[in-house]
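Below, chain A is the first sequence line, B the second, and so on; all start at residue 1.
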Protein chains: 2
Amino acid sequence: MTHSRFRSAALRSAAALLPLCLLAASDPPPANPGPGDIIAAAPAGDWVQIAPEDLLVMELAPDAKGKPRRVVIQLIAAPISQPWVANIRKLATAHWWDGTAIVRVQDNYVVQWGDPDAEDEAKARPLPKEVKPLVEAGERGGNGYAARLPNHSGEGGPADFRSPPPVLGPDSYVRNPHFYKSWPMANGPRVRTGAIAGVPPTYEAWPVHCYGMVGVGRNLSPDMGSGAELYTVIGHAPRHLDRNIALVGRVIEGIEHMSSLARGTGPLGFYETAEERTAIRSVRLVSDLPEAQRPKFEYLDSLSESFAAYADARKNRKDAFFNIPAGGADICNIPVPIRKITQ
Amino acid sequence: MTHSRFRSAALRSAAALLPLCLLAASDPPPANPGPGDIIAAAPAGDWVQIAPEDLLVMELAPDAKGKPRRVVIQLIAAPISQPWVANIRKLATAHWWDGTAIVRVQDNYVVQWGDPDAEDEAKARPLPKEVKPLVEAGERGGNGYAARLPNHSGEGGPADFRSPPPVLGPDSYVRNPHFYKSWPMANGPRVRTGAIAGVPPTYEAWPVHCYGMVGVGRNLSPDMGSGAELYTVIGHAPRHLDRNIALVGRVIEGIEHMSSLARGTGPLGFYETAEERTAIRSVRLVSDLPEAQRPKFEYLDSLSESFAAYADARKNRKDAFFNIPAGGADICNIPVPIRKITQ
């Protein structure tokens, strides 16, 4: 059965992110380390622990077999989208999402959650007083989360923001993708409606809608959403949403509990009946949990040499399965390595 | 409840492909037609019916509620990957897949199906005699499906193959993406292991691993797979597989029956027990079905003006939800419009 004998090996090298720590300490390093090898060999100093106030734990109702479904979300780094991030922390602290639900699952697009009664004024749950709905102030454009970033020309931004790593594959990237504090970003001239003639454009950077990124549902401009209605990407990166919706984080554990849900059959993948929805039992900010109950995670620092080697290995697969390395990779094909810390 | 009143409208304009024919004949054309409007208005002559020998119907076991799960696959156009396509037609005609199963579901990657006993020589089902396992002949490289394409420099290829449409967004594309007979393609210098010094490179084109594309599982080179083990993409396009695995088609109906399956918990998303697998009841080539039972589909011709307008609208969203059009789109964010013909 030569046609299929090694079938399970067929796509092995292509796995998105293999289980880590496959190498025992006594194993020699592989001749052509793959992305997983590089992650496993990265020194402790290349990892950054995620602060507990940047982690949300969402408990969905158990699945049909009674198995728990936990989703962990990392909130995005400052200065990106901080007005929404502040709201989200307050909503979690107020236990606002407890009893809400996943209301929409659209194939190759998004899973969305929030108050199922949001459109019924009589039944909709009010926002806590301390949570302010956000609207465009002054300039139109819906890109407040980008406008709030430091000026890319150099004024006031963090070092790796002013000088993104060089673009590594000339035809493999879209809008100067780079990583900022291990978040996938793009940059370009700042877009303003009604720009003043003669005033040179300034530059801005913005986060990218990769698989698993979490964004803020909103209505038409000038509404920018409060952060109470969220979605995550479960398909090919919908880059047309970049700069049009604020990104506030990413799913770092349990995305499969969202991406494998039955697709909604209403317009845009909304569920048509309450029975189809998946209940959200609770959403907690990890810094609100007792110390002993706090899950801990760490990410590979995008400024580290390990990260550069990892990204290069993702772009140029050299293990036995690959005959032709691509020579480049979409930024969304370089998922940031993130792992649970278990002592 | 201004924060969420129009919640369901929030991402409406961003839908991957809206239900067609939303415009009544008496409605005036919209001022800024979106992708769905353009598809709905495309003249009949811009649509191409898919030949019945290019369609496979796969019936999965019904879901937990007893609902049928039908998946329709369009086989890729000649001259791409034709040795595998020929095998696949023979396997379907021999009813080879009946009683096989979906054996692997890896999140943000692939769903894979075939003989669950393929690795057990005693139990594996043999290939029909007329189906030949394919191996690299002569040059190494695993890119036989590309090498079998007409020379891109102009010898012998169809017109739209020799002259791909110009790249439309200078930083929005990867490796000269274009469409060939409405299939997503890339091109570049031909890769040969052991190229002869002094011989100028020739060019080749190859299909791209977009969401829903169907490819052939294989072992290590020189094995190239028979076509009996197939997978489809259910995540961000794994472009590193381009030219390393033969693409043979795409799912054009029912992808949600695959993408929403529970993820496998074994390495690479393989299911660990037989009970977790989804049974394949049958796979039929539509040309083998009685005329009255043949489903009919048509695709929008990538050489038509409607397609160009549709692609442009995907790159530059102008409807009310979008404040900043992207100005370009990844080829995998321009899914080819395909619809069922219902008389």
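In this structure the side chain of B:D107 reaches within 4.5 angstrom of the side chain of A:I255, judged on heavy atoms.
Scanning all heavy atoms of the two residues, the minimum distance from A:H236 to B:A237 falls at ND1-N, 3.1 Å. Contact detail for B:A262 and A:S260: the closest heavy-atom pair is CA-CB, 4.4 Å.
Each of A:G269, A:G114, A:G266, A:C332 has some count of heavy-atom pairs under 4.5 Å with chain B, and the biggest count is that of A:C332.
A donor-acceptor distance shorter than 3.5 angstrom exists from the side chain of B:R218 to the backbone of A:F321, with no hydrogens or angles considered.
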